Protein chains: 2
Amino acid sequence: MSRGAYAKGAVKREEILAVALDVVAKSGCRKATSREIAERVGLTQPGLMHYFGSREELYQEVLRARDDSDLAEYYAPNPRFEGFLAVIRHNTEVPGLVQLYAEFAAEASIAGHPAHEFFVQRYAWVRGLLAEAIRRAQEEGEMGPDLDAAEAADLIVAASDGLQVEWLHDPTVDMTRRLTRLWELLRRSSWFESTSGRP
Amino acid sequence: MSRGAYAKGAVKREEILAVALDVVAKSGCRKATSREIAERVGLTQPGLMHYFGSREELYQEVLRARDDSDLAEYYAPNPRFEGFLAVIRHNTEVPGLVQLYAEFAAEASIAGHPAHEFFVQRYAWVRGLLAEAIRRAQEEGEMGPDLDAAEAADLIVAASDGLQVEWLHDPTVDMTRRLTRLWELLRRSSWFESTSGRP
DNA sequence: GTCTATAAAAGGATAGAC
DNA sequence: GTCTATCCTTTTATAGAC
């Protein structure tokens, strides 16, 4: 039954992705070992490598899987800022994910890193998603028409990336509140521009 | 002559801090080894350990030394947003520093990490510095009086932290421009608030 | 698919010479 | 203050058996 075999493999993969987050939450991405992840899912370390050829591939897949589910749950069919905020809020309950994202994104920024390209594309994806959300807000009249959506999206993405690292150091940091503040700022400024632009 | 001995030790320390940045720029903080840093300054690895007891201590000192020199060169006697921008612009020429900051800050966010407390205090320091710069801008009438300086400072710090990781992945990202945009946004909004606050 | 065995390399630490 | 010489541990990755 290849059906069953595939299913089992897929289930095991899911389990590994989830356990990886637990281990990273506890030890951080640098100190997390494939051996510990393997043992926690009842495998040896080489056994784990059968599913993900390398540490980098495993971590990349963790992030990709989360992006996929976030897209389905929070952004589809139309991305909105509220969805983005919901993702951030949800991340608060998955510290391993935030830890992994922060550490791995920084690690992968070095030229030639196996996950470098993944992050470059991911940046483009998130920024595009948010720019779309802003354009939608503009169409609906929530946001002023003269605001540069791409520019505003870039600011929101940068702020939320920075906030997540800060939050890891100090979980009392209220990411949602700060990002909402930025959103209001953009909204006010967007109307200010469109009126002040006329003499 | 203890004077000469001390001086030599201090010079060597400086040299180590500088070379550490080179190695981190090339390999990243995770892949950089104390052995390579040691050899590049003409020491063995145990010889390096004489100066900095551990990898974490070395990296922490790199960042602390840079903060000290930034404070003297760009912030003293009075911090201003222009100084903050100048630091960001200057960082652009020291990719190893940005790489180290991004990777090490993320790594150290795990509870119990030797540099965790350093970063917690550093966050407080930077945010305070920027809040002071904003209050100064308010006193001088550049920034509206009703803006919450601490809140605005937090946004700038978060955005600049996020931008630096993004810039590592794609050096065409113009950090200075984006942060200037955020500053203008805050400025506009600060006036908007102070006028719209009155019926 | 999963294991055993093991390579290869790195991190960190120590003892003792000079 | 710095070296040589190790040592021990851990991590990732591979080879090949079952």
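Throughout, a chain's letter reflects where its sequence line sits, starting with A, and its residues are numbered from 1. Here the structure is a predicted model, which means the values were calculated and not measured.
Between A/His169 and B/Phe119, the angle of the ring planes lies from 30° to 60°, which puts this pair in the tilted group.
The nearest whole Å value for the distance from the CZ atom in B/Phe52 to the P atom in D/dG1 is 13 Å. The distance from atom CD of A/Glu39 to atom P of C/dC3 is 10 Å, rounded to the nearest whole Å. Residue B/Glu15 contributes atom CD, which lies 15 Å from atom C1' of D/dG1 at whole-angstrom precision. Distance A/Leu43 CG to D/dT12 C1': 16 Å, rounded to the nearest Å. Computed from coordinates, the A/Glu57 CD to D/dT14 C1' distance equals 15 Å when rounded to whole Å. Atom C1' of nucleotide C/dG1 and atom OH of A/Tyr51 are separated by 6 Å, given to the nearest angstrom. Atom pair A/Leu58:CG and D/dT11:P shows a separation of 15 Å (rounding to whole Å applied). Remark: C1' of C/dC18 and NE2 of B/His50 are 15 Å apart, rounded to the nearest angstrom.
Between A/Tyr59 and A/Phe52, the gap from one ring centroid to the other reaches at least 6.0 Å.
Under the 4.0 Å criterion applied to side-chain N and carboxylate O atoms, B/Arg127 and B/Glu132 are not assigned as salt-bridge partners. Remark: B/Glu103 does not engage B/Arg30 in a salt bridge, criterion side-chain N to carboxylate O under 4.0 Å. Looking at B/Lys26 and B/Glu36, a side-chain N of the basic residue comes within less than 4.0 Å of a carboxylate O on the acidic one, giving a salt bridge.
Checked against ring pair (Phe, Tyr, Trp, His ring centres under 6.0 Å), A/Phe84 has no partners two or more places apart in sequence or in another chain.
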Could I get a table of every N or O pair under 3.5 Å where one atom is in the protein and the other is in nucleotides 7-12 of chain C?
{"residue": "C/dG11", "atom": "OP1", "partner": "B/Ala32", "partner atom": "O", "Å": "3.1"}

